[in-house]
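Working notes for the structure below.
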Amino acid sequence: MKLHLTNGYKFLLAFVLGTIAVIGFMVKLPSVFRHYDKELHTLFYFLAAALLNLLFSKRNIIIHALVFALLYGGSIFIEHAQEYSNKLLGKRIHGRYDPEDVTANLKGLIAFSILWVICVFISYLWQFFTAKKKEEESMSI
């Protein structure tokens, strides 16, 4: 069964999940997870890139690069928003701007991009060889 979502539903899903993520990043982590902050950043951005690429890019390198840039820019924005919200509210609801978090986010995006490039390459090879096999079969008939 192949699920086909219209672009409107894809954008709505991305918006809803993105809103939940921003709210999640603005709230302080429970103490159980605080020792794994950088790993959670890396994992979140890896999974966010995977979801958005599955929804929008398929094998399009330009859309993949756009997703990468938007997520990375968003990660920088969220870090600055955390710092600003602390000043705006006069109390610390979250951490501060942390360049190590931005670096961890970038690592997640790069890790997914490496996996994406490998998968796209294998997909093109698969198409090439199956097309070649079909061509050979049709010539032999």
Side-chain angles (χ1 to χ4, degrees), residues 1-89 91-141:
M1 180 174 113
K2 186 174 181 180
L3 178 66
H4 179 72
L5 297 174
T6 65
N7 283 339
Y9 283 119
K10 290 178 183 180
F11 282 109
L12 179 62
L13 180 63
F15 177 77
V16 168
L17 293 175
T19 301
I20 292 168
V22 167
I23 292 168
F25 274 109
M26 294 304 291
V27 176
K28 201 175 236 183
L29 271 177
S31 60
V32 173
F33 298 113
R34 289 191 190 139
H35 298 300
Y36 304 104
D37 181 49
K38 305 307 178 247
E39 292 84 357
L40 290 172
H41 275 268
T42 301
L43 178 63
F44 174 82
Y45 277 87
F46 181 92
L47 294 174
L51 174 68
L52 292 174
N53 276 279
L54 284 172
L55 285 175
F56 297 108
S57 83
K58 307 295 184 243
R59 295 183 299 179
N60 186 322
I61 188 74
I62 293 170
I63 296 174
H64 173 77
L66 181 63
V67 166
F68 185 102
L70 288 173
L71 284 172
Y72 185 61
S75 77
I76 294 169
F77 171 79
I78 288 171
E79 288 297 316
H80 283 293
Q82 290 171 357
E83 184 73 26
Y84 179 72
S85 68
N86 291 336
K87 290 178 184 173
L88 181 68
L89 297 174
K91 66 178 186 173
R92 196 169 160 189
I93 64 167
H94 195 279
R96 58 186 167 34
Y97 176 82
D98 188 354
E100 291 177 5
D101 286 350
V102 175
T103 301
N105 300 342
L106 183 59
K107 287 178 183 178
L109 293 171
I110 290 171
F112 177 76
S113 291
I114 291 168
L115 179 64
W116 184 84
V117 167
I118 291 168
C119 289
V120 168
F121 180 72
I122 290 170
S123 174
Y124 279 122
L125 281 177
W126 180 264
Q127 278 186 331
F128 174 77
F129 286 116
T130 55
K132 191 170 185 129
K133 185 177 178 182
K134 286 181 184 178
E135 182 181 309
E136 289 172 357
E137 289 173 356
S138 67
M139 292 183 129
S140 65
I141 296 178

Taking atom types as modelled and ignoring hydrogens, do the side chains of His41 and Asp37 form a donor-acceptor contact shorter than 3.5 angstrom?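 Result is yes, a qualifying pair exists.
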Please check if atom [atom1] in [X] has more than 12 non-hydrogen atoms from other residues, nucleotides or ligands closer than 6.0 Å.
X	atom1	value
Gln127	CD	yes
Leu125	CG	yes
Lys107	NZ	no

Hey, what do you get for [atom1] ([X]) to [atom2] ([Y]), rounding to the nearest 0.5 Å?
X	Y	atom1	atom2	result
Leu106	Asp101	CG	CG	12.5 Å
Ile63	Leu55	CD1	CG	11.5 Å
Phe15	Ile20	CZ	CD1	10.5 Å
Ile110	Asn105	CD1	CG	11.0 Å
Cys119	Ile114	SG	CD1	12.0 Å

May I have the step-by-step check of side-chain contact (heavy atoms from CB on, under 4.5 Å) for Ile62 and Leu66, ending in yes or no? CA-CA 6 Å; Ile62 293 170; Leu66 181 63; 5.6 Å; no
Non-hydrogen atoms of [X] and [Y] that approach each other most closely:
X	Y	result
Leu52	Ala14	CD2-CB, 3.8 Å
Ser123	Arg59	OG-NH1, 2.8 Å
Phe68	Ser113	CD1-OG, 3.4 Å
Ala49	Leu109	CB-CD2, 3.8 Å

Is there a donor-acceptor pair under 3.5 Å between the side chain of Ser75 and the backbone N or O of Val102?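 No; judged by distance alone, with no hydrogens or angles, the pair does not exist.
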Any side-chain heavy-atom pair of [X] and [Y] under 4.5 Å:
X	Y	result
Val16	Leu12	yes
Phe46	Leu115	yes
Ile61	Trp116	yes
Lys38	Asp98	yes
Trp126	Thr130	yes

List for me each residue that meets ring pair (Phe, Tyr, Trp, His ring centres under 6.0 Å) alongside Tyr72, sequence neighbours excluded, and say none if there are none.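 Listed in chain order: nothing, the list is empty.
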Do Tyr45 and Phe112 have ring centres separated by under 6.0 Å?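 No; Phe112 has its ring centre 6.0 Å or more from that of Tyr45.
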